[in-house]
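The structure appears right after this line, and notes come after that.
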Amino acid sequence: MIDQLVKMLEEREDEMIVIRRYLHEHPELSFEEKKTAAYIADFYKGKGVDVSQEVGNGHGIVVTIKGGRPGKTVGLRADFDALPIKEELDIPFKSKNEGVMHACGHDAHTAYLLVLADCLIELKEKIQGTIKIIHQHAEEVPPGGAKSIIQSGIMDDVDAIFGVHVLPVAPAGTVGIHSGYSFNGRAYFKLELQASGGHGSSPHKANDPIVAGAYFVTAVQTIVSRRVDPLQTGVVTIGSFDGKGSFNVIKDSIEIEGDIRYSDDQTKEVIEKELHRIVNGIEALFGVKCGLEFVPDYPPLFNDPELTIFVADTLKDVNDKDITSVEEFPKMAPSDDFAYYLEKIPGCYFYIGCTPKGTENPYFNHHPKFDIDEDALLVAAKSVGYVVCNYLNN
C-alpha cells in the first residue's frame, strides 16, 4: 500500500501546489475562515467519508476515513488560518485580501493534507484502522481551535496524532524532529494602573501612573534574570504601553499588555507568581491601584518520546529521493496550539524544511516576505504518509 500511496502523491504534486497557491491568494483571519472552510468541505464532497463541519468554536472540519480492516485510530492535523499582515512578496498568487497573508505556511499545511487525505481515501479498503483528518481553524489567535476540537469529544477515540509545520531553517527534503518539550507555552497579561491625574506643572497634586508603569516595565525584566531557573526558558515581553495623552497633562490611568513564553508549567507558575508580587509592590510603593489579568493561552508542546523516535526511525528507513535527511532540530521559541492535542493524545509534531532555493537568509514565519520552497509540499505529504501507514500497520 505504501508504494501505491507514494506513487499517487508524486503524480499529484502539481495539484498540491495549485491548492496552496489558491489558498495563499485567498487568506482569511482566525475565526473568520468561512470561505476557506467551505473550500475544504467541498473538496471532500462525494468521496464516501464522514465530514464533520463547524467542529469546536469555529470552522473546524474533521474527516473520518474508515479503513477496510479494524485497527487503531490516528489523527492528522493541518491548520488553515492566516495572519493580519500586509504581504510584501511580489508573486503571481499574492494575497487578494488586503492586510491578510498566509505568512506562517498554513496554506502549505492544508494543501499537502488535502491531497494526502484524498489518496488515503482511494486506498481506504487497504487501511488497517481509522484516520481522522483534522482541518483546524484559528491556530494563530487564542483560545485557538485545537482546545475546542478536543473538548467536542470527536478525538476521544484517537490513539495517536501527528502534524507538521513548515520552517525555513533547512532546505526542502529535510525533516526535523525534537523529543519532549519542543515549543514554548504562552500566556497574556494586562495591567491596568489607576492613579490620579493633574496638571503637568503640579505633579505634587497628582499621582502619575506612567512613572509607576515605567518601574513595572523595568522590574519585570528581573523575573527571567533572577527568578527563572537558568536551565529553563522564560520570556517576558511588554508589547503595549498605553499612556498616550497630552504632553502637559498627568494621566489618571494607563494600561500595559505583555506576552509570556515559558518552557514548562513550573516556569509559568514562577513567572505568574512574580508578576503578582511586583504588582503588589508597585501598589505599595506608588500608592496606585492595579488590576492584573493573567491568561494562559497555549501550553508547552510536548512530543511523546517514543513516537518521536518512531517518526525518526520510520523516515530514516524509507530511502525516498525527496526525503534527503532527518535531523534533530532545536527546541522552538514560538507556541502552537497543537500542544492541546498532545496533552490528551500521544503524538509528534515535526518539521519540514522549506527554505526557498538560492536563499541564504530566508524570512522566518510571520514576516511579510515569508516564502517557501514548494518542493516541501511533497516532502510533507510523503513524510506524514509514511508515518501514518507504518503506525497503523504496526
Hey, is Arg12 close enough to Asp14 for a salt bridge, meaning N to O under 4.0 Å?
-> no
Do Glu140 and Asp81 touch side chain to side chain, with heavy atoms closer than 4.5 Å?
-> yes
Test log, rule side-chain hydrogen bond (donor to acceptor under 3.5 Å, both in side chains), inputs Ser95 and Glu87 | CA-CA 7 Å; Ser95 171; Glu87 184 164 12; 4.6 Å; no
Under the ring-ring contact (aromatic ring centres under 6.0 Å, His included) rule, what do His26 and Phe93 come out as? Steps first, then yes or no, please.
-> CA-CA 9 Å; His26 301 89; Phe93 50 94; over 10 Å; no
If you measure from CD1 on Ile161 to CE on Met155, what distance do you get to the nearest 0.5 Å?
-> 4.0 Å
Can you find a heavy atom in the side chain of Met332 that is under 4.5 Å from one in the side chain of Leu301?
-> no
Smallest separation among heavy atoms of Lys47 and Ile121, with atom names = O-CG2, 3.5 Å
Does any non-hydrogen side-chain atom of Lys268 lie less than 4.5 Å from one of Ile260?
-> no
Under 3.5 Å, side chain of Gln232 to main-chain N/O of Ser263, donor-acceptor pair present?
-> no
d(Gln194 CD, Ile254 CD1) to nearest 0.5 Å is 10.5 Å
Can you name the closest pair of heavy atoms from Ala206 and Ser196 and give their distance?
-> CB-O, 3.4 Å
Nearest non-hydrogen partners of Arg186 and Ser335, listed with the distance | CB-OG, 3.3 Å
Just how far is it from atom OG1 of Thr308 to atom CZ of Phe350, taken to the nearest 0.5 Å?
-> 10.0 Å
Under-4.0 Å salt bridge between Lys357 and Asp371 = no
Spacing of Glu327 atom CD and Thr174 atom OG1 [to the nearest 0.5 Å] | 5.0 Å
Examine the side chains of Gln4 and Lys126 and answer whether a donor and an acceptor come within less than 3.5 Å of each other.
-> yes
For Val141, the rest of its hydrophobic cluster, which grows through side-chain links under 4.5 angstrom = Phe31
The reported gap from CD1 in Ile278 to CZ in Phe216 (rounded to nearest 0.5 angstrom) is 6.5 Å
Give me the ring orientation class for Phe338 and Tyr349: parallel if the planes are under 30° apart, tilted from 30 to 60°, perpendicular past 60°.
-> parallel
Where do Arg20 and His24 land on the side chain to side chain contact (heavy atoms under 4.5 Å, CB included) test, with the steps shown first?
-> CA-CA 6 Å; Arg20 183 255 164 170; His24 191 91; 3.5 Å; yes
Between Ile210 and Phe241, which heavy-atom pair has the shortest distance, and what is it?
-> O-CZ, 4.0 Å
Parallel, tilted or perpendicular: rings of Tyr351 and Phe183 (30°, 60°) | parallel
Pairwise side-chain contact, Tyr341 with Gln136, heavy-atom cut-off 4.5 Å (strictly under) = yes
Would you check if there is a donor-acceptor pair between the side chains of His137 and Asp79 at a distance under 3.5 Å?
-> no
Between Tyr39 and Tyr22, how do the two ring planes meet: parallel, tilted or perpendicular, split at 30° and 60°?
-> parallel
Side-chain touch Leu191/Val279, heavy atoms, less than 4.5 angstrom | yes
Working to the nearest 0.5 Å, report the span between SG of Cys354 and CG of Leu167.
-> 6.5 Å
Is any side-chain heavy atom of Val115 less than 4.5 Å from a side-chain heavy atom of Ile19?
-> yes
Do Glu10 and Asp322 have side-chain heavy atoms sitting under 4.5 Å apart?
-> yes
Are any side-chain N or O atoms of Asp320 and backbone N or O atoms of Val379, one a donor and one an acceptor, separated by less than 3.5 Å?
-> no
